[in-house]
Amino acid sequence: MADMRSFPDGFLWGTATAAHQIEGGNTNNDWWAWEHRPDSICAEPSGDACDSFTRWREDLAIVAGLGLGAYRFSLEWSRIEPAQGEFSEVALRHYRQQLEAALAMGIEPVVTFHHFTTPSWLAAQGGFEHPDTPARFAEFCARATERLGDVLSMACTINEPNVVALAGYRMGAFPPGVADRGRYEVVTERFCEAHRQAQSAIKAGPGSFPVGMTLSMTEFVAAPGGEERMVSIRALHEDVYLDATSGDDFLGVQCYSRELVDANGLVKPTAEQRTTQMGYEFWPGCVEHTVKRAAAWTGNPIYVTENGIGTEDDAERIEYLAEAISGAHQCIADGVDLRGYFCWSLLDNFEWVYGYRPKFGLVEVNRSTFERTPKASAQFFASVAKANALSR
Ligand code: BGC
């Protein structure tokens with residue numbers, strides 16, 4: 001077909017989720033406590049989420065039915081290590097079953113070891129501010145890899161440490177609700193260290209698979225006079241992690257939009273601009289920009305491990321994904337070693353502080369019955385994956 005833009009053979013198409021956002025009943029971590037504080041800023045608690053702790057087979061069957069090659073999900077550390085040094089056989093077996101089932105269905109399981117949530121026992125010790133936490137995290141990774149390494153296809157150490165650091169220690173919006181520049185800097189360093197230690201721990205275990213970090217990236221744009229400010233925002237939010245991950249097996253780029261920066265900082269989109277349910281500008285072009293920046297900086301192979309849109313309008317999701325994937329294609333055409341694209345998210349799920357209102361899913365989830373209904377965007381994404389090409 002004249003108008004087909006093909007991706008290289010073996011390009012990995014997948015969707016992504018995270019334990020706390022879909023499993024339900026993750027009562028033993030810092031987020032559950034944060035959601036249930038009397039003065040909580042969360043729209044609602046995560047509660048039963050999508051009941052995926054029980055319904056994971058259904059979720060995998062949907063991924064397989066869509067013909068996707070990969071599924072990215074996370075291990076809930078607080079289930080595997082509910083108290084310091086105490087490891088749950090049942091939880092490890094649960095995740096092992098999930099990994100084996102994925103492989104049996106022809107789906108490459110991509111596992112994240114830390115996706116925003118920290119076990120309550122560790123949060124009580126100071127979480128990622130504590131100097132021993134990188135070692136505690138590496139120990140968890142070693143134990144989990146010992147039991148699961150032989151059935152992993154790819155591992156992500158920490159999901160968006162830059163968002164956890166910024167929102168948790170600078171903006172006070174994520175647990176532990178701190179807004180302090182100095183503590184933010186300390187946590188940033190700890191996350192880089194935790195990544196390095198986790199990576200060695202995972203690589204020392206069974207299995208042979210790529211290990212990397214996933215980083216939240218934004219297409220920052222400087223308004224006149226905002227150049228210096230933009231560079232300084234990016235330095236601690238992105239560049240420090242790009243340095244820390246140079247030479248890794250891969251870097252997972254996660255992006256959703258672009259942001260304007262003037263001399264005073266970030267500028268909110270105006271009322272005239274098209275925005276998403278998250279209040280971000282509708283800007284699928286961020287994929288091409290951030291992937292190119294990450295690749296040029298690190299020299300690593302890149303996967304887009306998350307990209308998508310919070311919208312009630314599924315036609316808008318299709319529009320967004322088509323443009324974003326077109327940007328991914330452009331990266332490859334321009335010589336970037338981009339190896340896969342994961343849509344966030346498989347399911348409509350718990351969007352952290354915003355609760356269940358933002359709809360990022362390719363699949364709708366009934367909040368009372370938990371029934372899953374694939375949307376038109378799921379079919380669209382499946383058709384791109386099947387053709388390994390964009391036809392529009
Ligand atoms: C996170 C996800 C989140 C998504 C959409 C990323 O920052 O990794 O957990 O749901 O963006 O906001």
Side-chain angles (χ1 to χ4, degrees), residues 14-24 26 29-32 34-35 41-46 49-50 52 59 71-77 110-118 155-171 173-175 191 195 212-219 237-238 241 251-259 275-284 286-287 290 294 303-312 316-317 320-321 324 341-363 365 377:
T15 65
T17 60
H20 194 73
Q21 296 179 267
I22 64 164
E23 285 183 347
N26 277 332
N29 66 37
D30 58 343
W31 262 91
W32 186 272
W34 183 244
E35 293 153 28
I41 56 165
C42 296
E44 56 196 317
S46 53
C50 302
S52 287
D59 297 343
Y71 179 49
R72 173 174 172 243
F73 62 96
S74 74
L75 306 177
E76 177 56 32
W77 182 1
V110 178
V111 162
T112 308
F113 283 71
H114 184 279
H115 194 127
F116 287 6
T117 54
T118 295
C156 310
T157 54
I158 306 169
N159 180 75
E160 300 189 349
N162 54 340
V163 166
V164 182
L166 182 73
Y169 292 85
R170 186 76 179 112
M171 291 163 47
F174 277 18
F191 269 128
H195 167 69
M213 177 197 271
T214 70
L215 187 65
S216 167
M217 294 186 73
T218 298
E219 180 173 345
H237 191 58
E238 293 186 0
Y241 295 95
L251 176 69
V253 169
Q254 318 204 143
C255 59
Y256 291 88
S257 186
R258 70 174 174 181
E259 291 206 69
T275 53
T276 73
Q277 274 185 314
M278 300 293 283
Y280 308 152
E281 185 185 353
F282 178 96
W283 190 253
C286 61
V287 167
T290 55
Y303 289 83
V304 173
T305 39
E306 282 185 26
N307 172 250
I309 178 173
T311 179
E312 285 283 0
E316 184 176 45
R317 187 180 337 276
Y320 181 96
L321 293 178
Y341 174 95
F342 289 69
C343 175
W344 183 272
S345 179
L346 176 65
L347 306 173
D348 284 340
N349 62 41
F350 179 67
E351 183 50 38
W352 308 108
V353 171
Y354 298 92
Y356 290 95
R357 194 181 68 88
K359 307 291 187 220
F360 278 93
L362 297 171
V363 175
V365 178
S377 54

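In each ligand, atom 1 is the first atom listed, and ligand 1 is the first ligand listed.
- The side chain to side chain contact (heavy atoms under 4.5 Å, CB included) search around Asn29 returns His20, Asn26, Trp31, Trp32, Glu76, Ser78, Thr117, not counting sequence neighbours.
- Atom 1 (C) of ligand 1 has Glu306 OE1, 3.3 Å as its closest protein atom, hydrogens excluded (heavy atom only).
- No hydrogens or angles considered: a donor-acceptor pair under 3.5 Å links the side chains of Tyr71 and Thr17.
- Looking only at protein heavy atoms, the nearest one to atom 3 (C) of ligand 1 is Glu351 OE1, 3.6 Å.
- At a 4.0 Å heavy-atom cut-off, ligand 1 touches Asn159 through the side chain alone.
- In this structure, a donor-acceptor pair under 3.5 Å is present between the side chains of Gln254 and Thr305.
- The protein atom (non-hydrogen) at minimum distance from atom 7 (O) of ligand 1 is Glu160 OE1, 2.5 Å.
- For Tyr169 and Phe191, the ring centers are positioned 6.0 Å apart or more.
- Any N or O atom pair closer than 3.5 Å counts here, and His115 shares at least one such pair with ligand 1.
- Counting heavy atoms from C-beta outward, Leu346 and Val363 have side chains that approach closer than 4.5 Å.
- Heavy-atom contacts of Gln254 reach the following atoms of ligand 1: 8 (O) (cutoff under 4.0 Å).
- Atom 4 (C) of ligand 1 has its closest protein heavy atom at Tyr256 OH, 3.4 Å.
- Side-chain contact, Tyr256 with Glu306: a donor N or O sits under 3.5 Å from an acceptor N or O.
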